[in-house]
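One is the number of the first residue; the rest follow in order along the sequence. In what follows, every heavy atom counts, from backbone to side chain, and hydrogens, waters and symmetry copies are set aside.
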Amino acid sequence: MTHDRKPMQLRLPADLKAWIKAEAERNGRSQNSEVVQVLLAAMKRTEPAN
């Protein structure tokens with residue numbers, strides 16, 4: 001993963017926003033970091049096994 005980050009506006013349904021907020025608090029991360037971690041985990045699940 002590179003560290004050149006690009007801003008992205010994201011509109012979330014209220015229930016998903018609340019879940020991200022709760023998960024971020026539970027994991028000691030910012031909401032942005034939580035979204036990044038969730039997306040990275042999803043990306044890894046879709047990559048072919050080596």
Side-chain angles (χ1 to χ4, degrees):
M1 178 175 88
T2 63
H3 293 286
D4 58 329
R5 297 180 180 177
K6 307 288 185 223
M8 180 176 133
Q9 186 176 27
L10 186 62
R11 293 179 195 88
L12 299 173
D15 59 339
L16 186 53
K17 173 79 165 102
W19 181 81
I20 289 291
K21 181 178 180 184
E23 288 297 295
E25 289 172 0
R26 187 173 71 84
N27 293 316
R29 294 194 269 250
S30 68
Q31 291 180 40
N32 185 79
S33 292
E34 191 65 33
V35 169
V36 169
Q37 291 303 311
V38 168
L39 290 173
L40 284 171
M43 188 172 74
K44 287 178 184 175
R45 286 193 309 270
T46 63
E47 291 176 349
N50 291 334

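Heavy-atom minimum distance, Glu34 versus Ala24: OE1-CA, 3.6 Å.
Linking Ile, Leu, Val, Met, Phe, Trp and Tyr residues whenever their side-chain heavy atoms come within less than 4.5 Å places Leu16 and Met8 in a single cluster. With hydrophobic clusters built from ILVMFWY side chains whose heavy atoms lie under 4.5 angstrom apart, Val36 does not share a cluster with Ile20. Under the 4.5 Å side-chain heavy-atom criterion for ILVMFWY residues, a single connected hydrophobic cluster contains both Leu12 and Leu39.
The residues Glu23 and Arg26 are annotated as salt-bridged, a charged nitrogen and a carboxylate oxygen being separated by less than 4.0 angstrom.
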